[in-house]
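Just so you know, ligand 1 is whichever comes first in the structure, and atom 1 is the first atom listed for that ligand. Quick note: numbers below take in every heavy atom, side chains included, and nothing from hydrogens, waters or symmetry partners.
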Amino acid sequence: MPADAVSSSWRSAAKLKALARRFFGRGPLSAEKPYLALAQYRAFTRQMPMMYVMLMTSTWAVAAVFFGHAPFARVIVFPAIMTVASAARARFWIAHRKELTVDIADQAARKSNILAALMAVGFVGWVAVLYPYGDAYGKSLLAFFLASANMACVFCLMHNRRSAYIVFFIVNSGFVAYFGSTGIPSLVAASSIATVVAIGLLVMININHRDFTRMIEAQVRTEALSNANFQLANLDTLTNLPNRRAFFAELESKVAAAAESGSRLALGVIDLDGFKPVNDLYGHPFGDKLLVEVGGRLAALCQRDGTYVARLGGDEFALIVRDFDSDDVLLRIGTALCDALRAPFELSEAHVQIAGSIGFAVYPDLAKSPVELFEHADYALFDGKRGDRRGQPTLFSKQHVDAIHRDARIEQALKLADIDAEFEVVFQPIVGVANATTLAFEALARWTSPTLGKVSPGQFIPVAERAGIIGRLTQPLLRKALAAAASWPSEIRLSFNLSAYDLSSSEGMLAIIRIIESSGFDPSRLDLEITETAFGHDFEQVQKAANMLQRLGCGISLDDFGTGYSSLSRLHALPLTKIKIDRSFVVGLHRNQTSAKIVKSLLALSRDMGLDCVVEGVETEEEMMALRRLGGTMVQGYFYSPPVAETELARFIGTPWRQAPDPSLADGARAKIIRRANSRDRSGASRPRHEHA
Ligand code: C2E
Ligand code: CA
Ligand code: CA
């Protein structure tokens, strides 16, 4: 064969192949587009039973006409076999309509190709064996039967185009070959019409197939989009746990279900202890990794107990516990979670140890609604953390209800209080470690209510803040503190606590500034302490207030450092002069490696930022020594003295304190010194740990 003939026939073969591919697709559809294969299968199963009904009805109609004219076997055997086969197949389709797997769809498509071929051959053959027995009407009926059966099949098989093509090719070839060759004009015309119509039908099927594919693809895209939206709306992107929104939706429905079934349900709120300083120290990417690990640990444990866990935001997680027989079981679940959180986290950058506290509230015990349940769990958490249940679960109880009532009574008494008469200020020394002298006193409020007795500031300050009456306390207390400090030597400073609420109103700030100015006390000897919680308010306003105080000459101390939410960048934005490391990092400092690391780096950080650093709440000799070893320079705590009345301050001024034992001394010698010092302190009548005691 000449070369160009070979290449031209090769080209036509390739064209044919491409055409066939366009019509039939390549290989099983499921491999490329499984969703499309499934959608087609679904549509296909719905049309198949109808096709069998149409086919069998027309087959039996033809059989009835030829009954008596053609031999019994030729008339009846084929329809009988086809009916049984069709019924079996229709039953199969109805039974498998609901089973939707790609494998089943693939198998069904392949089987139906074979069956379509067999049936097409069967019908053409049946028509051929009946043909000789038909008169002109009978022959026309056969032509009509074949043409309409062809069209019905091609149409019903549209969702499995290969079967449709097979039927078309076999039936039409038979039709044309048989009726076209009869030479009877009406039959030749019938075969041509049938062919043309069937071709038209095939074209329509292809158009329909394209539209169907587009529609399914659009559906799949929409579904994917709405899944992505759902994930975005309901999943926490960091930990992949349900987010706050999903949690409250779940809580609503679980409370409703519990109300209906009369069962109990617990809500837990988890807050991490020590996460913020770790986050500040190692950076936010590290903090994020740590949160992912925390989420993973919680999810693993909760899955075991069938507990729902979500991340509410920040370092706050929440639980819905349903399977607990008693409060003890609930607390055991909580303890297991807290224990898991206490285990060290070994990340590639660093090994850290944090803890988590949980507050639980149970529906319907003391809470009747999801909102109340959450508030109570949150209250239990808050109460556990401020008390001695840090790193453990706390269950909202009758005592908490009492505390809420107590707060209400405190609020009532505060509103009626004669502030000048009922409130006084006590002072706690802040001691320089280097030469053991008093550097300053922190003023702390004390309240003796005629109705409630002594109430600690830990109780009444938050209530006054919540009730919006803290300003009424701050101003007289500041006046008292400044009056007391007026008689102190000029090297002794005064520290005074301001509440976030004091900073957030300009009138409040102006009143405070007026009090300072009119007191005659040198503002440069005054440190105003603000806590990080103040930043939760209007940060710009806090900044403005701090700048006003700075311009006046006051120092600004950041109180309770490490317990709040601030990031270092925020600290930079304030004119700070001092930070006070919270007591929680000092408890057991000599034993807890993470605390020691944090205190050490906070000390280094304050040095780098040119800030003074006071370490609060040092109680024991061991803590004091650990702190000296870490390079602490200023200390406040029971180790030196609790807060005392103004009248007792004279003895703390001018004379150095007994130096805290040197860490290099032998244990025995240290213990002797500290015992001697302590016994004098606690006797009350004697002087504190003074050199001249
Ligand atoms: P704070 O400003 O962190 O004050 C230190 C608190 O720790 C004081 O509690 C003090 O008595 C206590 N403390 C000092 N050394 C030790 C120690 O070694 N061990 C232990 N366990 N505690 C120690 P206090 O006087 O009960 O005050 C509690 C909080 O109430 C203060 O915490 C402060 O936030 C607030 N507060 C007190 N007075 C005022 C005030 O006049 N105005 C405002 N806004 N808040 C105040
Ligand atoms: Ca303070
Ligand atoms: Ca503090």
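Nearest N/O/S atom of Asp559 with respect to the Ca ion (ligand 3) is recorded as OD1. When you scan the N, O or S atoms of Glu442 for the one nearest the Ca ion (ligand 2), you land on OE2. Nearest N/O/S atom of Asp560 with respect to the Ca ion (ligand 3) is recorded as OD1.
By the 4.5 Å heavy-atom criterion applied to side chains, Leu549 and Leu498 are counted as neighbours.
The Ca ion (ligand 2) has an N, O or S atom of Asn497 inside 3.0 Å of it. Among the atoms of Glu616, an N, O or S atom is found under 3.0 Å from the Ca ion (ligand 3). Look at Glu529 and the Ca ion (ligand 3): no N/O/S atom of the residue is under 3.0 Å from the metal.
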Problem - Residue pair Phe427, Trp488: steps toward the ring pair (Phe, Tyr, Trp, His ring centres under 6.0 Å) verdict - result: CA-CA 12 Å; Phe427 297 89; Trp488 300 345; 5.3 Å; yes

Exercise for the section: Could you please spell out the steps behind the ring pair (Phe, Tyr, Trp, His ring centres under 6.0 Å) verdict for Phe374 and Tyr379? Expected result: CA-CA 8 Å; Phe374 185 78; Tyr379 189 91; over 10 Å; no

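Between Arg389 and Asp383 there is no salt bridge, since no side-chain nitrogen of the basic residue lies less than 4.0 Å from a carboxylate oxygen of the acidic one. Arg332 has no carboxylate O lying under 4.0 Å from a charged side-chain N of Asp328, or vice versa, which leaves the two without a salt bridge. Taking the charged nitrogens against the carboxylate oxygens, Glu424 and Arg446 have no contact shorter than 4.0 Å, which rules out a salt bridge.
Side-chain contact check for Glu442 and Asn497: at least one donor-acceptor pair (N or O, by modelled atom type) lies under 3.5 Å.
A side chain to side chain contact (heavy atoms under 4.5 Å, CB included) with Leu341 holds for exactly one of Ile354, Val294, Ile358; it is Val294.
For ligand 1, residues of the protein lying within 4.0 angstrom by heavy-atom distance are Gln428, Glu442, Leu444, Ala445, Arg446, Pro457, Ile461, Leu477, Asn497, Leu498, Ser499, Asp559, Asp560, Arg583, Glu616, Gly617, Val618, Glu619, Gly637, Tyr638, Pro643.
Cation-pi geometry between Arg297 and Phe345 is met: the NZ or CZ atom falls under 6.0 Å from the ring centre, inside 45° of the normal.
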